Novice: 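The structure is given below, and queries will be raised subsequently.
Keep in mind that what you see is a predicted model, and the values were worked out from it rather than measured.
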Amino acid sequence: MIIGVLKEIKANEYRVAAIPATVREIKAHGHEVLVQAGAGVGSGFADEDYAAAGAEICQTAEEVFRRADLFYKVKEIFPEEYQYLGPDKIIFTYIHSNAHPEETDAILGSRVSAVAYEDITDAEGNFPLLRPMSILAGKGGFLAALHHMQSVFGGTGKLLARVAGVPTPVITIMGAGNSGIAAAELAAGFGNTVRILDISERALAKAQAVLPANVSCLYSNRENLVNCLKDSDVFMNCIIWPKHRKDHIIYREDLRLMKPGAMIVDIACDDDGAVETCHSTTHDDPVYYEEGVKHYCVDNVPSAFAHTASIMLATATTPYLLAIADKGLQQALKDDPHLRKGLTAYDGKLTLEETARKQNRPLTDVEELVKGF
């Protein structure tokens, strides 16, 4: 199989799907790798590094798209890339089709096969290809709060750290998953008073077992939420909200409970998500105010740490990529029920339930589809 590694075109996206070590692994399995010139520069990997690993450097995206069987990417497919999709091609990337109806139209209309990183599961029901980026998003979200609390960036000038002689800041984190624990590790390491809210006793117990004593693990009920909103200097949302839900956990009027100068950091960045007033922002224009509360909702925080992120992402995705390349997509889907969860579309058929529900489209059962291979 010919694997095509493309340069990302989303603004401020510096990650790359494959690092040179990935190329060596793919080549060892007997496959060809095409890398678009400059694809890894933003992550600190030069074209020469890829060439030394055995990749062929292509000067244009068009050549990679035309020649490759599988498009190995980080972000979703953008309109200028739709023309290259076809029934003989495979997309392997973060697709997020539920949030992009036009992309879904292009995928279904072209009959391309599409496998989404974010929907692949593991034996515990977790999402192994979301985990590495969630960890970076959690840590990066706290660092963003540390940055935007500075007076020179419009903040209150409060250092988010334990300092002798002044009150210790309070950081509340909603969600005790990968991103929430990662954020808590960093916030606690700076000596802050940290609180984590979650509805799962199991998740809270896991968090308490790995986090230091300055982190309190609390059940996420209305009373605890209100108390945290009143006390917190930074409130971080680390919950991905189901796209079909119309309710919220934090409503606009709840922001009036927060103290002056408090900040919300939402690394999930779901429009109309867990926090009613949050919507996606960019690294170029990262913050805005609602009800006097500064909001930071950048939707690709890991890109700010592109070198680390690319290594982590490539390491996580490579086994699945090799399964598809070695066996062919059909056999790989037959063999791995967790990979099947990641199938967004096949031959013009939508197989991802969340997208079908949100966009009111017909759904093809992936298990029935695979039986027909």
Side-chain angles (χ1 to χ4, degrees), residues 5-22 38-45 72-78 91-96 98-100 116-120 126-148 173-187 189 234 236-241 264-271 273-274 278-287 295-318 320-321 342:
V5 179
L6 289 143
K7 183 176 182 180
E8 299 299 322
I9 60 175
K10 180 183 174 77
N12 296 307
E13 183 51 71
Y14 300 105
R15 289 173 289 179
V16 64
I19 63 176
T22 315
V41 170
S43 297
F45 301 107
Y72 196 17
K73 283 175 44 63
V74 177
K75 298 304 291 181
E76 61 270 14
I77 303 296
F78 285 82
I91 303 168
F92 191 44
T93 189
Y94 289 118
I95 296 175
H96 299 298
N98 54 63
H100 303 286
Y117 297 161
E118 69 270 18
D119 296 307
I120 293 172
N126 298 316
F127 298 92
L129 304 192
L130 277 179
R131 183 176 184 273
M133 298 304 97
S134 295
I135 290 170
L136 284 182
K139 292 182 183 297
F142 172 74
L143 292 175
L146 194 70
H147 175 88
H148 286 282
I173 298 162
M174 191 160 63
N178 294 315
S179 56
I181 290 176
E185 285 176 344
L186 216 54
V234 177
M236 293 186 65
N237 175 46
C238 297
I239 295 174
I240 297 176
W241 203 236
I264 288 177
V265 173
D266 189 345
I267 66 163
C269 311
D270 294 318
D271 291 1
C278 287
H279 60 79
S280 295
T281 60
T282 67
H283 288 288
D284 286 334
D285 189 15
V287 298
H295 289 54
Y296 175 93
C297 308
V298 171
D299 64 7
N300 63 336
V301 171
S303 181
F305 314 96
H307 183 78
T308 300
S310 296
I311 294 171
M312 294 175 71
L313 181 60
T315 301
T317 60
T318 297
Y320 299 94
L321 173 77

Novice: Who pairs with Glu76 by salt bridge (Lys or Arg N to Asp or Glu O under 4.0 Å), at least two apart in sequence or on another chain?
Specialist: none
Novice: State whether a side-chain donor-acceptor pair under 3.5 Å links Tyr72 with Thr317.
Specialist: yes
Novice: Who passes ring pair (Phe, Tyr, Trp, His ring centres under 6.0 Å) against His100, sequence neighbours left out?
Specialist: none
Novice: Determine the sole option in Arg15, Lys75, Lys73 for which the salt bridge (charged side-chain N to carboxylate O under 4.0 Å, His left out) test with Glu8 is passed.
Specialist: Lys73
Novice: Do side-chain atoms of Ser179 reach the backbone of Ile135 as a donor and acceptor pair under 3.5 angstrom?
Specialist: no
Novice: Partners of Lys139 by salt bridge (Lys or Arg N to Asp or Glu O under 4.0 Å), sequence neighbours excluded?
Specialist: Glu185
Novice: If we ignore hydrogens and angles and just use 3.5 Å, is the side chain of Ser43 paired with the main-chain N or O of Tyr14 as donor and acceptor?
Specialist: yes
Novice: Taking C-beta and beyond as the side chain, do Leu143 and Leu186 meet within less than 4.5 Å on heavy atoms?
Specialist: yes
Novice: Rounded to the nearest 0.5 Å, how far does CD1 of Ile267 lie from CD1 of Ile173?
Specialist: 9.0 Å
Novice: Quick one: closest heavy-atom pair of Ala17 and Val74, and the distance?
Specialist: N-CG2, 3.5 Å
Novice: Any donor-acceptor pair under 3.5 Å linking the side chain of Ser310 with the backbone of Val16?
Specialist: yes
Novice: State, yes or no, whether a side-chain contact exists between Ser134 and Phe127 at a heavy-atom distance under 4.5 Å.
Specialist: no
Novice: Could you tell me which residues satisfy side chain to side chain donor-acceptor pair (under 3.5 Å) with His283, sequence neighbours excluded, listed by chain and number?
Specialist: Asn300
Novice: Under 6.0 Å from the CD1 atom of Ile240, do we count more than 12 heavy atoms belonging to anything else shown?
Specialist: no
Novice: What residues, two or more places apart in sequence or in another chain, satisfy ring pair (Phe, Tyr, Trp, His ring centres under 6.0 Å) together with Tyr117?
Specialist: Phe92, Tyr94
Novice: Show the nearest heavy-atom pair for residues Gly138 and Ala183, with the distance to one decimal.
Specialist: O-CB, 3.4 Å
Novice: Using ring pair (Phe, Tyr, Trp, His ring centres under 6.0 Å) as the criterion, list what pairs up with His307, not counting sequence neighbours.
Specialist: Phe45
